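Let me begin by presenting the structure, written as structure tokens, before commenting on it.
The analysis underlying the following values was restricted to heavy atoms, covering all of them including side chains, and did not include hydrogens, waters or symmetry mates. Being a predicted model, the structure only gives us computed values, none of them experimental.
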Amino acid sequence: SSHRLLMNVLRYSAKHTIQSLRLKQLQYIATMKFSSFALAAVALATSSVNGFSAPARFGVRQNMALSMATAVDADTKTALATAANEARGLAMDSIAAAHSGHMGLPLGAAEMGAVLFGSQMTYNPADPTWMNRDRFILSAGHGSMFLYSWLNLAGYDIPMDEIKRFRQHHSMTPGHPEFPSSEHNTPGIEATTGPLGQGVSNAVGMAASEKMAAAVYNTDDHKIFDHHIFALAGDGCFQEGVSAEAACFAAHEKLDNLIILYDANEVTLDKMAEYTQSEDILKRYEAYGWEVFDIDGHDLDAVEEAIALAKANNNGKPKFIKCNTIIGKGMEETEGTNAAHGEAGVPYVDKAKLNIGIPEGEKWYVSEGTRDFFSEVQKKNKANYDEWQATFAAWKKANPALATQLENAIADKTPSAEEMIAKIPAMGDAAEATRVSGFKIIQHISAMVPHYVSGSADLHGSTRNYINDGGNFGSGFDKTYAGKNLYFGIREHAMGSIMNGFAYHGLFKISGSTFLVFVDYLRATCRVAALSELNRVSYILTHDSIGVGEDGPTHQPVETVSGLRVIPNLDVFRPGDAEETVAAFVSSVTRQEGPTALIFSRQNIAQNSGMDYMARREGALKGGYIAKKESADLDLIVLATGSELEHAIAATKDMPGARVVSMPCMELYERQSDSYKEEILPSSCTKRIAMEAGVTGLWYKYASKVVGVDKFGMSAPGDIVMKEFGMTADNLKKEIESMA
């Protein structure tokens, strides 16, 4: 075991040049390296409250000198080191009890947790949703016992009994962190993580949201937003492409309130990391425009100093701290190897706990000294919290209108759906693409909901979701952090993650746009938004069918709408005219249970002017309604959605017994009462046909025959493509006539 540890340390240190000076003899540091011999010697030493002595410090790749003024005093350092080992013990015991989990990160990153929760983060466990708290996201969500352990030690309401119930049914400690929802309400969890790369990208969204909040609400006299966003991630997060997209956005918009800690343990699940990566990640992040640090992640002084400097340096650069660590630290049988990643160390838990100073036979052990230490941390944080509350009270008194706006934003309070549809004028009778209708409607939405913002993946001109007079978000050019329009660049995946970050942050509602066919680039984020019940998020997805035309099958979605409909808790609205588009937008901002996808057409479609505009809005708000009522005994029901609604109405013009049902949102319709659904689709009428310019499968729930598109499209003018695939009133009429 000692030989393995020595080899790991030697391999790990060989990249670093010889440096003989001890850190504590230096007043300032620019770049520092230590010999592999010294590192090995220190790593092999035993003793002390730490249970091990950390390797000497790695270099800080940073232009400014690093002051020693933030070095941890001896008593605090001892307390932090003890807490780190006891957090390791909690993780080991919980994973062993569950016979499931990931032990490597909680053991390897314990010093980072100690410094964050014991020194550098501002938070109040008694008010876990305090709006100016620092946020911490465990992007490497598989290491969830790291987070649960530290939240318990820090004083959050996660009882030890829940720590013991790790990964058990209905526990507060699920396998991966889950943002508070109807399923889980674990305080201190800032984001649902597990899909690698998402957490660090969510952190970018949180940092952007904080910058926006500071710009909108801070005044010259009172600063109520000035917190930082922290995220801890491993190699897997940085191999996922979404993190690169988000990192570029963060640097370009100068989000210097963002601090990423990279748990650089040189291990991935299958192999050592060198098997699949050879890049210099620090150079990559420097090239993006980040400020980077390279430290020993087991050295409390190094971690403390790097984080303190990162917080203090408002230089327009997000911060990236590479914390060189040994995965599974303290469990000599597995540490430093990919076996440490999961629960392979369970048989060695008792021995490892003894080695790091946990009393023999004790399980889920936390010393009185550690509880006392965090009690003092809570007092310090409470003093900061109370000082902020006084500032907030003064700000609120001086800015009553702004205070009301903020209170509404925090509560996500909007006018009711009924109030909103009443305030938006009738859209008119002219044929119009629903994306164009959406542009008109979003102006009203923004005015009625001041905390509503929107962005696009380089397609504002096509998706038409730009908020006039809202200003543009960001740094440089004509942008400010108060701007309501975000330019994500051609980064759909990052856009979805950043939007989720805005929602997690809890101050703004946000929509993001792209062509519908490209939603698959951000599908993973749609799933997490639905799982996390992020009702503050909506998607504006245009160019919705083969009607796109000349761009051809690469840009003509046929399976995509149905692909979104099968995501649980995602409302998918494909409106059939401008008035239904009003309802779709209103529903997206008033819904409380989860996100909404708005599916809009590129081409003009006719308005259902034969029906009162308000009745269309009210009907669409129920997901499905009678768009054309039969004038004789009911003998046929035609269901349609989106641009096919006009064909259904036209095809049944001379069919007195035909009813046309518009179903812009299946999910919303399914939530209506049984009596309402029976009224719209009476079970007595079994002759039913549905029409949509997309795959047919889901429509068979409502109809025995479906006119749709079950193959990819073609490049030609949109009207020709529609005709070739039978998306016309004439073809629908023929299909109806062919029914028995």
Side-chain angles (χ1 to χ4, degrees), residues 178-184 190-195 198-199 201-202 205-206 208-209 242 409 412-414 417 420 438 441-442 445 449 451-457 463 465 486 488 492-514 516 518-542 544 560-575 581 583-600 620-621 623 664-671:
E178 296 183 30
F179 186 70
S181 67
S182 62
E183 294 294 328
H184 288 280
E190 302 286 5
T192 297
T193 57
Q198 291 301 329
S201 305
N202 297 155
M206 287 192 185
S209 179
V242 64
D412 196 17
K413 182 179 179 181
T414 68
M420 294 182 80
I441 296 161
I442 200 172
I445 297 293
V449 184
H451 60 282
Y452 182 90
V453 302
S454 195
S456 181
T463 54
N465 62 308
L486 289 90
F488 293 105
E492 291 91 350
H493 198 172
M495 177 178 73
S497 297
I498 290 168
M499 288 164 57
N500 286 356
F502 264 83
Y504 290 134
H505 195 243
L507 291 171
F508 298 97
K509 298 184 85 75
I510 186 167
S511 60
S513 73
T514 187
L516 173 61
F518 298 137
V519 75
D520 285 338
Y521 281 131
L522 65 141
R523 183 181 177 88
T525 72
C526 301
R527 183 182 188 276
V528 174
L531 169 67
S532 303
E533 301 176 2
L534 300 184
N535 66 295
R536 292 176 180 264
V537 169
S538 57
Y539 311 96
I540 297 172
L541 307 170
T542 69
D544 69 343
T560 317
V561 175
S562 287
L564 291 173
R565 286 178 179 144
V566 297
I567 297 177
N569 198 37
L570 175 66
D571 276 6
V572 181
F573 246 108
R574 186 168 179 250
T581 306
F585 250 114
V586 167
S587 181
S588 75
V589 296
T590 56
R591 187 180 180 218
Q592 294 296 310
E593 299 81 16
T596 301
L598 304 175
I599 314 297
F600 296 156
L621 281 173
C665 183
M666 290 181 178
E667 301 78 18
L668 185 50
Y669 173 78
E670 288 296 336
R671 294 198 295 273

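Taking OG1 from Thr514 and CD1 from Ile540, the interatomic distance works out to 11.5 Å, rounded to the nearest 0.5 Å. Put simply, CG on Leu570 and CG on Leu564 are 6.0 Å apart, with the number rounded to the nearest 0.5 Å. Here the straight-line distance linking atom CG of Asn500 with atom OG of Ser201 works out to 10.0 Å at 0.5 Å rounding. Between the CZ atom in Arg591 and the CD atom in Glu533 there is a gap of 9.0 Å [rounded to 0.5 Å]. In this structure, Asn202 CG and His505 NE2 are separated by 12.5 Å, a value rounded to the nearest 0.5 Å. Annotation: the span from Tyr539 atom OH to Thr596 atom OG1 amounts to 9.5 Å, rounded to 0.5 Å.
Among all heavy-atom pairs drawn from Gly623 and Pro664, the shortest one is O-CD, 3.1 Å. The shortest non-hydrogen separation linking His451 to Asp412 is NE2-OD1, 3.1 Å. The minimum heavy-atom distance between His493 and Ala524, with the atom names listed, is NE2-CB, 4.2 Å. Heavy-atom minimum distance, Thr463 versus Ser513: OG1-OG, 2.8 Å. The minimum heavy-atom distance linking Leu522 with Thr525 is given by the pair O-OG1, 2.7 Å. Nearest heavy atom pair, residue Ser454 against residue Ile442, reads OG-CD1, 3.9 Å.
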Report the C-alpha separation of Ser562 and Arg565 in whole Å, then their side-chain angles, then the decisive distance to 0.1 Å, and conclude whether the side-chain contact (heavy atoms from CB on, under 4.5 Å) test is met. CA-CA 5 Å; Ser562 287; Arg565 286 178 179 144; 4.1 Å; yes
Given Arg536 and Phe502, is the side-chain contact (heavy atoms from CB on, under 4.5 Å) satisfied, shown in steps? CA-CA 8 Å; Arg536 292 176 180 264; Phe502 264 83; over 6 Å; no
Using side-chain contact (heavy atoms from CB on, under 4.5 Å), reason through Gln198 and Val242 one step at a time and then give a plain yes or no. CA-CA 7 Å; Gln198 291 301 329; Val242 64; 4.2 Å; yes
Full working for side-chain contact (heavy atoms from CB on, under 4.5 Å) between Ser538 and Val589: CA-CA 8 Å; Ser538 57; Val589 296; 5.7 Å; no
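Looking at Arg523, its side chain does come within 3.5 Å of a backbone N or O of Gly563 through a donor-acceptor pair. At distances below 3.5 Å, at least one donor-acceptor pair connects side-chain atoms of Asn465 with backbone N or O atoms of Gly455. Between the side chain of Asp544 and the backbone N or O of Leu516, no donor-acceptor pair lies under 3.5 Å. Under a 3.5 Å cut-off, the side chain of Asp571 and the backbone N or O of Glu667 do not form any donor-acceptor pair. Under the 3.5 Å distance criterion, the side-chain polar atoms of Glu492 are left unmatched by any main-chain donor or acceptor of Phe518. Listed for the Ser532 side chain is no donor-acceptor partner under 3.5 Å among the backbone atoms of Leu534. Proximity of a side-chain donor or acceptor of Thr590 to a complementary backbone N or O of Val586 within less than 3.5 Å is detected.
When the options Ile510, Val453, Leu486 are evaluated for a side chain to side chain contact (heavy atoms under 4.5 Å, CB included) with Met499, the one that passes is Ile510.
In this structure Phe585 satisfies the ring pair (Phe, Tyr, Trp, His ring centres under 6.0 Å) test together with Phe600, sequence neighbours excluded.
In summary, the side chains of Tyr452 and Ser511 do present a donor paired with an acceptor at a separation below 3.5 Å, with no hydrogens or angles considered.
For Arg527, the CZ atom is loosely surrounded, since the number of other residues' heavy atoms within 6.0 Å does not exceed 12. More than 12 non-hydrogen atoms from other residues, nucleotides or ligands lie less than 6.0 angstrom from CD of Glu670.
Using a 4.5 Å heavy-atom cutoff, the side chains of Met666 and Val572 are not in contact. Side-chain atoms of Phe573 and Leu668, non-hydrogen and from C-beta on, do get closer than 4.5 Å to each other.
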